[in-house]
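Heavy-atom basis, side chains included; hydrogens, waters and symmetry copies ignored. All chains are named by letter (A, B, ...) in the order of the sequence lines, taking the proteins before the strands, and each is independently numbered beginning at 1. All values reported here derive from a predicted model rather than from experimental measurement.
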Amino acid sequence: MHHELTVWSRGIIMDKEARDVSTCIATAARKLGYHAENVSDYVDDPDRTNCLVRRYARFADTPILDRFVYENPHPDWVVLVEETIIKAVNFFRGTEDGSGVLVVNSARDPGYLLKFLPDAMTKKLNKLVVVDAVGLAEQRGGSPWMFVRDLSELAFDRMSTEGAVERLAIGMGIAAPLIGALVAATGELPIDEVASVVADRDAMLRGAEQHKVIQYASA
Amino acid sequence: MSVRGTHIPEHLRLPIAGVTPPPTEKEGQRLFPTGNFRFFRPVYRDKTPPCNHACPTGEQIQKYLDFVKHDRYLDGYLTILEDNPMPSVTGRVCYHPCETACNRAAHDEPIGIRSVERFLGDFGLNLEENPIKKDLPPLNGKTVAIVGSGPGGLACAYHLRRKGYASVIFEALDSAGGMLRAGIPAWHLPEEVLDKEIAKLTGLGGIEIRCGVRVGSDPGGITLDHLRTGYDAVFLALGQDVGRRLDVEGGRSRGVLGALEFLRETGLGRPVKVGRNVLVIGGGNTASDAARSAVRLGGGEATIVSLESEDELLIVPEDLEQAREEGVRFRPQHSLVRVIADGEGNVTGAVLCQARLAKDENGNVRPQISEGTEFEVPCDTILIAIGQVQVLDWLPESFTERGLVKADEYGRVPDDSEAVFAGGDVMRGPSMVVDALGDGKRAARDIDRVLSAQPLEPDGPVEVMPYERLNTAYFRHAPRTPVPLTPAGTRSKSQKVEVTLAYSREEAVAEADRCMSCGVCNGCDNCYIVCPDISVMRDARENGRYSIRTHYCKGCLVCVQECPTGCLEKVPELDFDEPDAVVRMETAFAPYDGAHAEQAPFTRQLIEDAIAEYDRSKTVQPNGRGVTP
């Protein structure tokens, strides 16, 4: 058993959310006794709002040999913290055919989102999981942009301090329902164990229950 | 050191450790379609400004103000003519619902739209040739009968003519204009202006006005059946020109007149006698007009007696102020109890009492009179301005309801021919000139649809731009240009001197320049200037005057934030259902798919060997020590 999780997000405004997803999965996996790695701050440390960023985690029941590779070469779990990324980039590069689990934070109909994937990418899709993380998260602020942070917190990130310090507990805001949906849809990690490392446990459990799945390929 | 334009050899273009070498300048944007950064797209979406929405004719006010601002008066004039045939008239007499709705009122003061309209209207009246005449379609052989040559009838005839229909207007009075002539005093709307506007309409060809023909009531005259059989469609716009009577003791005495009848006689230039001490009963605009005309004619005093309190008076504010300046007095919250006449039946006074306005559950006015407060005032003329009606007994009963012509949402009268429409006061009760103009415009549109066998459709929903969505930081506070007025002392002595005067060219331009162009792109270039990505292009006009380069726009939304008019909106990128238009990057930064992010076999072997060695070292021996090779 070997899983590679790549979380795609937007620079600065949703960067912490992506980091939280990879960190929580890696932490939970390690607590469960798996070999796990979390690359939550590598390469994409942009000081640019909106630009694409990636966070990686992987875990396996055998030692992870890709020691000096930080970017997942064969991601089979992909989380899109912001829905528009579905049409922005080839997030299934290196994924094996019929094995990709794609979790999208969106309130839209899964069928609508699927339209944006080209054939080359749907070939790799195993299941599409759509969770309205914005709707399920603890509501703070009025804008999906600054959804979990107020201006001062955002300004803190703007000083390129990302990753150097964390101002919030890990697994808050829209990260929590995303983790819930991912764990529930993949079924590889027990939900309760993962929930124990997520700060906003309730929102994580809401995400685990309320998401839509399209089983695309029988893996 | 700048790397812009540096040539990078092919073999070095692979991303190294995720860091992509800088591309050549020429290739840069192709390699990095940074539009993928964006999850909101700026879109130019024009909304309806509140002035435009409030105007019953739907005048595109923002558009013509913008033309005036740029000294393009003919374009501005033509813009008005699309909706309103007589800007010189409405520019003088309109009660300007546009100004009431103007967002600028929340900023400082509303735009003087009516005065700019008058400026354009007078500009158009002075043109030698009617500029729309050369673009009119030829007559299509169909003729519409119109009853009434007031604003509703004239507007209907005009808009029908623009669609190729001829029309015949039947007017009961000896000259055309309806209430514009017979209800509005000349000091509001000079006769020459009205004559010129009507001449411009009849000059288009295909519009015939038959004066002195009262449809329906003259024995042996034209009846509704004549109209229905002799014409392709009928538009009833006969207005309400009969003053409502006040049933009080002495109400038939000599000197008690209907205000409407009084205004009509003076408007038509007939001799009218009015005393020096006039009472006007009523609290609306007719009362104000009648009182001010009485002051001019009689040279005496006029007092408006109304049930309404000062705040409730239904007189437009500027008229109220002008009336006060001219010496009109007010006696609010009073009612006429009876008229006192001498032995020959001439009015010598009136008994008034305190009262207040109350309405029953149907909305009808029911004065509440305070008993025992009666008192006498001397007067020699009493003008009654408590509403107006129309004689409709010549119409079939199914056409009328509560003294008005009954019509559906399209202004269509329930008739088998399905081609009888109505509009203006006779359909909606006492209302504004511009309401009638709007009804005429809509009736023309719908008559055209009926006669060309198209379905009637209601107007679609519109999005009206609220003040809150403007970026008001861009609009400096500027006071409204005051409208010049003739001094009260001069104007109150003459029936002919116009009270409100025109803006000069400079004033009209200055006033038009105050327009905030609510929700409509006016080409201010702000988006073009503020875009940090050179993604707003000015060379092509999509919806606004600009286009967004969607492959490169990163969605920073600075343009949306800084759009003064609010015509730029952010729209979620995924709302655009165009999967084929997607430019997908291969990875976030690396444009090439290559050896990126794979463990080299040699390195993998090193790691595997190291792990094996570690595992062996952890194998526990009976002596408690690890195995040594």
Quiz item: For Glu82(A), is it the side chain, the backbone, both or neither that has a heavy atom under 4.5 Å from a heavy atom of chain B?
Solution: side chain

Quiz item: Given that the side chain runs from C-beta out, which part of Tyr112(A) has a heavy atom under 4.5 Å from chain B: side chain, backbone, both or neither?
Solution: side chain

Quiz prompt | Check: Phe92(A) main-chain N/O paired with Asn90(A) side-chain donor or acceptor under 3.5 Å | solution = yes

Quiz item: Non-hydrogen atoms of chain A under 4.5 Å away: do they reach the side chain of Ile611(B), the backbone, both or neither?
Solution: side chain

Practice problem: Side chain from CB out, backbone as N, CA, C, O: work out which of these in Leu113(A) comes under 4.5 Å of a heavy atom of chain B, or both, or neither. | Solution: side chain

Quiz prompt | SB check Asp575(B) Lys570(B) (cutoff 4.0 Å) | solution = no

Exercise. Answer yes when Arg58(A) and Glu4(A) have at least one side-chain N-carboxylate O distance shorter than 4.0 Å, and no when they do not.
Key: no

Quiz item: Between Arg93(A) and Glu71(A), is the closest basic N to carboxylate O distance under 4.0 Å?
Solution: no

